[in-house]
Structure formats: C-alpha cells, structure tokens
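Indexing begins at 1, ligand by ligand and atom by atom, following the structure's order.
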Amino acid sequence: MGLLGDSITIRGGKPLIGRIELKGAKNLVTKAMVASLLGETPSVLKDVPNISDVRIVRGLLEVHGVNVVEGVEEGELIFDPSNVESAHFADIDAHAGSSRIPILFCGPLLHRLGEAFIPDLGGCRIGDRPIDYHLDVLRNFGAVVEKLPSGIRMSAPNGLKGAKLELPYPSVGATEQVLLTAVRAEGITELKGAAIEPEIMDLINILQKMGAVITVDTDRVIRIEGVDRLEGYTHRALFDRNEAASWAAAALATEGDIFVGGARQGELLTFLNVYRKVGGQFEIHDDGIRFWHPGTPLNPVFIETDVHPGFMTDWQQPLVVALTKASGVSIVHETVYEQRFGFVDALVDMGATIQVHKDCLGGQACRFGQRNFNHSAVIVGPTRLHGADIEVPDLRGGFSHLIAALSAEGTSTVSNVGIIARGYENFITKLRLLGADFSTED
Ligand code: EPU
C-alpha cells in the first residue's frame, strides 16, 4: 500500500481464501533494533516487516548516528552503531511520531552517551498508557530524570548500576526496559514480577547472542549479570503471533480459509484453544497454520485477556468480530488495558449487539474493577453485520474494523486505515491475495 490515501471502500460478504506469509513480530523487531545500540559491532536482523513502526525506529536510530542498511535477503536490516551520537530534541521528536518506542532508547543511550531525551509519547489510543514503571526502573539504576515542558531528559552522572526491582504489574515494556539497561549496568539486577511474553524471550535470545548473562527463573524472576562489552548479533525475528491471530479471526468472521505461513503452534497455544472452542478449525503444518470456518454455527465463549501465558489483549479485537456471528452470549473481560473497547461502537453501528460494562464480568475481579473503566464486553449473536462508514481508532481495533467490513453485507468505507500499516505489513496486498473485494482511494 503506497501509504495510500487514508480510506478504503470494501464490498463485504466474500470469504477470505488463500495463503499469506508472516514476517517478524512488530513487538520484538522494534526492540531488537534498539538492542543494536548496545553492541560494539554491527547487528543483522532478519524477517523485519515493512511497517511504519519499523520505519520510525529506523529513523530514530539514524538520528542517533546508527548506520542502517538493507541486507541481501528481503527483510534483512544491518545496524552499525560505531558512531552513536546525541541527537537534537527536535529531531527525536520529529522521528518519534506517535510511537512509544523512544522510552526504550534510554538505557542503551545512557550507557553509550550518558544522556537521553524522550519526547511526549503516543502509541495507540488505548487508555492512558503511562510510563511510570519505566521511569521508576531507570531511577533505580541511577538515572537522573528531569521533566521538561517538551519531554524528558535523562542523565547518568555516576553510570548505571544493577538493582533489585519489582514491577507492580508484569509490563512488557518495563521488562524490556530492565533488560536493555541491566545487560550493561555494573553488577547484578534482579527483576521480580517480570513479563515473560515470547517476544521478551526472543529479546533475551538476542541479548545472549550479544554476550549478556540472563537467567529466567520460575515465578517471573529474571536475573541479569551486567557485562562490560556486548557485540552485535545476527538473528531471525520470532514470527508475529498477533498478526497470525488477526488473520485467523478474519477466516472465521468471513467464513473463509486462510493459510498463515510462518505461524507456529507453541506461541499460539492459548489462542488456538479459544479458536477451537468458538468452533474454528485449524491444522498445524511445518511451515504455518491453516485456519478456517467450520461451515456450521459458531459457539459463544468467555475470554479474559491477560499477560502471557494468558489470552493476549491484542487478540480480542479481531475475535470479537467473529463472536458477533456466534450463536449465543459471549463475554470478553479485558484486564490488560483499561480502555480497549472503543472499537466496538463501529461494530454496533454495523448491526452488532455489544454492550460494554464497568464491572469485571464473568471471571476474577481485576485491577480496573472499581475504577469506572468500560472493560468488559457482552456480545450477543448471531448477527448479520451491514456496511457502514467507519473510522479506524487504533491498530488492533482498526484491523477488526476491516474484518467487520469484509464480513458485512453491502459496502463500507473504512477511513484512517494508515494506522493499520503501523503493524500489518502489506495488508492491502494480502487482502487482494485473499480475494477481498475493495478499492483504495489512490
Ligand atoms: N503500564 C503502566 N505503567 C507503565 C507501563 C505500563 O501502568 O509504565 C500499564 C499499561 O497502562 C497497561 C499495562 O501496564 O495497562 C500493560 O502495559 P505493557 O507495558 O505491558 O504494554 P506495552 O509494553 O506498552 C506492549 C505491546 C502492546 C501489547 C502490550 C501487552 C509493544 C510496542 N506494544 O505494550 O502491543 O498490547 O505489550 O502485551 O510491544 C499492539 O501491538 O497493538 C500493542 C498495543
């Protein structure tokens, strides 16, 4: 999609059928790119998807003096950090766009340059998405944090030292912050309450290749022994399991049959269990997973999103579209983000029966229960969706809008689709490959 005009017109009701290929996970690749800053020699990352989040991180690395070039293989990037230098605040701000990744540059830049700047952070509009855990962790390593009107300046006048840390919640980003900082900090770091998502484990693989010493214990404890020097790495990124789950949901919602090349069972176990309970069919192959609609009515389910190994928050939005077609009442309790049901308004406009509630419905009470957040959804089906004009709110919600439009009767115009390119490589080409009927603005 040559960052297309911002809207597409979809003529729905056609099953998506065919094969698409995944590349590396957005939520690993962008962090692996930051890790290249820690090496004394160049790093090679393979299976990098062509998505705008990758372009943002590439731009940020380049303004900090990292030379980034394409390798011989499609999707291969080489990062040479020999000339890392401080960047101007305005350049960082201009390149960061709405990304939250700049916060992860802090540890590596503090090690290399003694200072780091981060602009005001964006990311998808899914709740407040604060950075307090990140700042607390960095302060514990010895960073001095100064809040300025336009962002945050950090310095490490006495270097960074290993620390005993405990996260109040197993945050993915804060765990990565600890890893990227502790590997070169002096002494030992112990992190309790760590997140253990597969993307984090793959980042640990990368850091170990670079020379780091990291132990992952049971019960979410990670120990890191700081080292004086790290080398560059060569690594093929873990596949994008969130994209895999999105296409799997698209197969269900459109009554289609999609082979997702590169998808693997291990990192999708929890998703596959729920998919099977809904009635979705799948077949595991060496080179991917085939997902398809059973041809009979779908079953309602209860889902509670959670940190790994639970059901990922990024999987619920596309699946909710399929649940509007299940016969009965489904419940989705979102426990990771407080406001991740904004996308259902558009589905309701298209004819879905979905209500969102402030209570913790169906399962355990979660930390959002008494705090006035609409974080439980009740979906009553089966409904036939009809076309509508809808606007993409965020990355995963946006993909679910696409699926809804593809499965609806009639024509829909989906605007603001540029956001989807943040995390879904060539999604327009993939939709064409799968036989979708649509036209773009350009
Ligand atoms: N949180 C805080 N303070 C912090 C950091 C997080 O309160 O300083 C809270 C968040 O507000 C949220 C919870 O902790 O309620 C979990 O956030 P986490 O830090 O785990 O999320 P993240 O690192 O910002 C990554 C992915 C998300 C994915 C989550 C959960 C990236 C770039 N983003 O976000 O992916 O949903 O982990 O697995 O890795 C996406 O791909 O669309 C996406 C949003």
Side-chain angles (χ1 to χ4, degrees), residues 24-35 49 51-54 56-57 60 96-106 118 121-140 145 152 165-180 191 193-203 220 237-238 240-246 267 270-271 305-318 334-340 342-343 366-368 371 373 375 392-400 419-425:
K26 164 178 92 72
N27 292 348
L28 173 266
V29 163
T30 44
K31 329 301 170 59
M33 291 170 76
V34 178
I51 53 175
S52 45
D53 270 14
V54 163
I56 287 173
V57 181
L60 283 168
S98 60
S99 168
R100 283 170 59 81
I101 298 292
I103 186 81
L104 292 178
F105 275 65
C106 292
I118 41 170
L121 298 171
C124 282
R125 283 180 276 144
I126 44 175
D128 276 350
R129 303 196 71 180
I131 55 167
D132 50 338
Y133 303 166
H134 293 257
L135 299 182
D136 284 351
V137 157
L138 287 162
R139 283 196 190 96
N140 273 298
V145 177
I152 293 171
L165 306 164
E166 180 158 9
L167 293 175
Y169 182 80
S171 150
V172 169
T175 301
E176 292 159 344
Q177 182 74 264
V178 171
L179 289 167
L180 291 166
L191 174 65
I196 50 163
E197 268 61 8
E199 292 77 16
I200 291 176
M201 293 302 133
D202 209 31
L203 181 62
R220 300 188 177 278
L238 174 75
D240 198 315
R241 65 200 174 109
N242 293 342
E243 184 175 353
S246 298
E267 292 79 5
T270 307
F271 178 80
T305 66
D306 206 347
V307 293
H308 188 76
F311 189 93
M312 267 214 87
T313 167
D314 298 281
W315 299 338
Q316 57 95 344
Q317 303 85 337
E334 169 62 60
T335 79
V336 178
Y337 289 112
E338 67 272 30
Q339 317 244 36
R340 227 180 178 185
F343 73 99
C366 79
R367 63 208 166 107
F368 305 136
R371 294 179 46 209
F373 295 123
H375 72 294
V392 165
D394 60 59
L395 178 64
R396 306 294 169 196
F399 195 85
S400 80
I419 289 186
I420 299 172
R422 278 191 48 203
Y424 291 89
E425 182 182 47

Does any non-hydrogen side-chain atom of Thr270 lie less than 4.5 Å from one of Trp315? yes
Say whether Pro170, considering both its backbone and side-chain N or O atoms, lies within less than 3.5 Å of an N or O atom on ligand 1. no
Does the residue Pro130 have a heavy-atom contact with ligand 1, meaning some pair of atoms that are separated by less than 4.0 Å? yes
Is it true that His375 and Glu338 share a donor-acceptor pair across their side chains at a distance under 3.5 Å? no
Is it the case that ligand 1 has an N or O less than 3.5 angstrom from some N or O of Leu395? no
Any chance the side chains of Gln316 and Thr305 put a donor and an acceptor closer than 3.5 Å? no
Would Met312 count as being in polar contact with ligand 1, using the rule that some N or O on each side must be under 3.5 angstrom apart? no
Side chain, backbone, both or neither: which part of Arg340 comes within less than 4.0 Å of ligand 1 when only heavy atoms are counted? side chain
Taking heavy atoms and a distance under 4.0 Å, where does Arg367 meet ligand 1: side chain, backbone, both or neither? side chain
Flag side-chain contact, heavy atom, 4.5 Å: Tyr169 against Val336: yes
Can you find a heavy atom in the side chain of Val34 that is under 4.5 Å from one in the side chain of Leu180? yes
Between the side chains of Glu176 and Lys31, is the shortest nitrogen-to-carboxylate-oxygen separation below 4.0 Å, so that they form an ion pair? yes
Would Asn27 count as being in polar contact with ligand 1, using the rule that some N or O on each side must be under 3.5 angstrom apart? yes
Polar-atom distance check: Val336 versus ligand 1, any N or O pair below 3.5 Å? yes
Counting only heavy atoms, which portion of Arg396 has something under 4.0 Å from ligand 1: side chain, backbone, both, or neither? side chain
Is there a polar contact between ligand 1 and Asn242, counting only N or O atoms under 3.5 Å apart? no
Is it the side chain (CB and beyond), the backbone, both or neither of Asp314 that lies under 4.0 Å from ligand 1, heavy atoms counted? side chain
Residue-level breakdown please: for Glu176 versus ligand 1, do any non-hydrogen atoms fall below 4.0 Å on the side chain, on the backbone, on both, or on neither? neither
Got an N/O contact under 3.5 Å between Thr30 and ligand 1? no
Does the salt bridge (Lys or Arg N to Asp or Glu O under 4.0 Å) test come out yes or no for Arg241 and Glu199, once each step is laid out? CA-CA 9 Å; Arg241 65 200 174 109; Glu199 292 77 16; 2.7 Å; yes
When only distance counts, is Tyr169 in polar contact with ligand 1, meaning an N/O pair under 3.5 Å? no
Could you tell me whether the side chain of Asp136 reaches within less than 4.5 Å of the side chain of Leu167, counting heavy atoms only? no
Could you check whether any side-chain heavy atom of Val57 comes within less than 4.5 Å of a side-chain heavy atom of Val29, counting everything from C-beta outward? no
Nearest neighbour of atom 25 (C) of ligand 1 from the list Val172, Asp240, Thr305, Thr335, on a heavy-atom basis: Val172
For the 3.5 Å polar cut-off, considering only N or O atoms, please tell me whether Tyr337 and ligand 1 meet it. yes
Could you tell me, atom by atom, which parts of ligand 1 come under 4.0 Å of a heavy atom of Gly173? 19 (O), 23 (O)
Phe373 side chain near Arg367 side chain, heavy-atom distance below 4.5 Å: no
